[in-house]
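Per chain, numbering begins at 1; letters A, B, ... match sequence-line order.
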There are 2 protein chains.
Amino acid sequence: MDEIDRKIACLLAEDARRSLADIGGVVDLSPSAVNERIRRLTASGAIQRFTVEADPVAFGQDVLAFVFVALNYEAGEAAFKDFIAACPNVLDCHHVTGGWSYLIKIRVATLSGVEDFLQQLKERRFLARSETMLALSTVTEKPFKPF
Amino acid sequence: MDEIDRKIACLLAEDARRSLADIGGVVDLSPSAVNERIRRLTASGAIQRFTVEADPVAFGQDVLAFVFVALNYEAGEAAFKDFIAACPNVLDCHHVTGGWSYLIKIRVATLSGVEDFLQQLKERRFLARSETMLALSTVTEKPFKPF
DNA sequence: GATGAAAATGTTCTAAT
DNA sequence: ATTAGAACATTTTCATC
């Protein structure tokens, strides 16, 4: 992981469709060398996958909410994590400092989707307490990119 | 935006390097037809860009924090938004319901990076109050994907 | 590790329906 | 909007340094 690797990762983050020749032009390497570096970055997990950024609104997921959860540990933390990891509406879930155990970021189609999500947590007995914050508008929202 | 478009977007979200022929095999369309649909999805903004998902830790951004901000409106909301949009450490920034004006998600190399970030907000007089939550561990973290 | 050239694969364009 | 096929470009492999 040197400066060239970082630069290649940055270029791919901006546009993953750039050709190896293009990238090679920027970092002064042959297409094959660039290819080999991308292969290594991918194999090591530094680059996790090639994907597309999609507009949630265009796909009907208009509502963004943050749910703070105090876990009911009797229900099992592992079961909670499994549920969260499998739920397509969950974009983020982190164990956090402060008065709550987890902070969860979800995208749903409508407000009732938020209620459905909370209901699912309740049904599975994961919830001791929770608090929900709705996002009214977004200034910026982007996945992590090397820089 | 029909079911086929959704499916194509899903497949690209999983792996943006799949060939047009591959995708066509799944949705029962010719490579050219798939290509045309991807072109339209991209042109309409439903697909915002082709990119790579990178591992923040591999790139030395180990610390994830959520910063709640009550804005000092005298400093100018537009200036705040400009600053936030331009800051590479900021992954998310949303105007939210509740006692805070904005919820900001940042990635920094070390804890002192959190302090630096808060210091920058202070220097620019954006801050009335703030509260910071550190992420201790991550259950899931992914950009929005159509499904 | 990197290179350059050959081989394999994928994409884009054109004409037609 | 979609298709087929030709023309074009890119990626991948491999022998070599």
In whole Å, I'd like the distance from the [atom1] atom of [X] to the [atom2] atom of [N].
| X | N | atom1 | atom2 | result |
| --- | --- | --- | --- | --- |
| B:Arg39 | C:dG10 | CZ | C1' | 19 Å |
| B:Leu29 | D:dA4 | CG | C1' | 14 Å |
| A:Glu36 | D:dT16 | CD | P | 19 Å |
| A:Met1 | C:dG1 | CE | P | 13 Å |
| A:Ile8 | D:dT11 | CD1 | P | 13 Å |
| B:Arg18 | D:dT10 | CZ | C1' | 20 Å |
| B:Asn35 | D:dA9 | CG | P | 16 Å |
| B:Asp28 | D:dA1 | CG | P | 19 Å |

Between A:Tyr102 and A:Phe80, ring centroids under 6.0 Å: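 Yes, they do, as the ring centres are separated by less than 6.0 Å.
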
Under 3.5 Å donor-acceptor pair, A:Ser32 side-chain atoms to C:dG4 base atoms: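 Answer is yes: a donor-acceptor pair is held.
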
What I'd like to find out is whether the side chain of [X] reaches to under 4.5 Å of the side chain of [Y], using heavy atoms alone.
| X | Y | result |
| --- | --- | --- |
| A:Ile38 | A:Ile8 | yes |
| B:Asp92 | A:Thr140 | no |
| A:Thr42 | A:Arg49 | no |

Among the candidates [options], find the nucleotide nearest to the side-chain atoms of [X].
| X | options | answer |
| --- | --- | --- |
| A:Leu20 | D:dT13, C:dA2, D:dT11 | D:dT11 |
| A:Ser30 | C:dG4, C:dG10, D:dT11 | C:dG4 |
| B:Ser19 | D:dT3, C:dA2, C:dG10 | C:dG10 |

Side-chain N or O of A:Arg17 versus OP1/OP2 of C:dT11: is the shortest distance under 4.0 Å?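 For A:Arg17, the contact criterion (side-chain N or O under 4.0 Å from OP1 or OP2 of C:dT11) is not met.
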
Does B:Arg37 have a side-chain nitrogen or oxygen under 4.0 Å from the phosphate oxygens OP1 or OP2 of D:dT2?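 B:Arg37 to D:dT2 OP1/OP2: side-chain N or O found under 4.0 Å.
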
A:Thr110 and A:Ser112 side chains, donor-acceptor separation under 3.5 Å: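 Yes, A:Thr110 and A:Ser112 have a side-chain donor paired with an acceptor closer than 3.5 Å.
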
